[in-house]
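Data first, discussion second: the structure below is written as structure tokens.
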Amino acid sequence: KNEVEQSPQNLTAQEGEFITINCSYSVGISALHWLQQHPGGGIVSLFMLSSGKKKHGRLIATINIQEKHSSLHITASHPRDSAVYICAVWANNDMRFGAGTRLTVKP
Amino acid sequence: NAGVTQTPKFRVLKTGQSMTLLCAQDMNHEYMYWYRQDPGMGLRLIHYSVGEGTTAKGEVPDGYNVSRLKKQNFLLGLESAAPSQTSVYFCASSYVGTALHFGDGTRLSIL
């Protein structure tokens, strides 16, 4: 079993829909990252969380340390949000990644 | 402001050859990381550094060596390349407890 599990693996949405991507982990962590990887391959860091909630534009990330769970929400989704979203945790002086969620937003 | 720069962007090696990947950052970040990304395996941490002169192993360190002689540079070496090391390699940097800044990646093929 992976230490970091993401769901869903694939997600197709219509433009304007509210999107939720989930990340569960099984180890104690010091930080959790949400990353975005576009089809061209470049990786951008969206959020780093150790507690609570963060918001940047249409993106919201939350983390529940007790439940070992984080969610990434996208409000008013747009085709340019189409990408792979990756959850990563920093634990025990190592970083482990989820397999990613491939999001496609159709116009 | 270049951010994180990886060189080279592409390279083809023969089995047994050696090479060094260079990562340079101009943000004065303490932490630097090397990852590999393989289809079906996702991203995996190879080695990282928490400061000049320090290195540590990540999840998949075997077959790689690293050095951080200067704060702005983190080198990843393959002493004797193997086909299993065919991958896309990403470097990243950060301050302590902050977001990661990634380079554009190096596509490495080993024949």
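The chains referred to below are lettered A, B, ... by the order of the sequence lines, with proteins before strands, and numbering in each begins at 1. All values derive from a computational prediction rather than experimental measurement.
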Heavy-atom neighbours of Arg58(A) CZ exceed 12 at 6.0 Å: yes

Check the surroundings of atom CD in Glu17(A): do more than 12 heavy atoms from other residues, nucleotides or ligands lie under 6.0 Å from it? yes

Trp34(A) versus chain B, heavy atoms under 4.5 Å apart: side chain, backbone, both or neither? neither

Name the region of Leu35(A), side chain, backbone, both or neither, that has any atom closer than 4.5 Å to a heavy atom of chain B. side chain

Quick one: does [X]'s side chain get under 4.5 Å of [Y]'s, heavy atoms only?
X	Y	value
His101(B)	Ile43(A)	no
Arg44(B)	Arg96(A)	no
Phe97(A)	Glu59(B)	no
Leu100(B)	Trp90(A)	no

Is [X] linked to [Y] within one hydrophobic cluster, defined over Ile, Leu, Val, Met, Phe, Trp and Tyr using a side-chain heavy-atom separation of less than 4.5 Å?
X	Y	value
Met48(A)	Val4(A)	no
Leu46(A)	Phe90(B)	no
Met19(B)	Ile46(B)	yes
Leu43(B)	Val84(A)	yes
Leu76(B)	Ile110(B)	yes

What distance do Phe102(B) atom CZ and Gln37(A) atom CD have between them, rounded to the nearest 0.5 Å? 8.5 Å

What part of Thr98(B) gets within 4.5 angstrom of chain A, counting heavy atoms only: side chain, backbone, both, or neither? backbone

Can you tell me which portion of Ala56(B) sits under 4.5 Å from chain A's heavy atoms? Options are side chain, backbone, both or neither. neither

Using modelled atom types and a 3.5 Å cut-off, is there a donor and acceptor pairing between side-chain atoms of Tyr48(B) and backbone atoms of Asn93(A)? yes

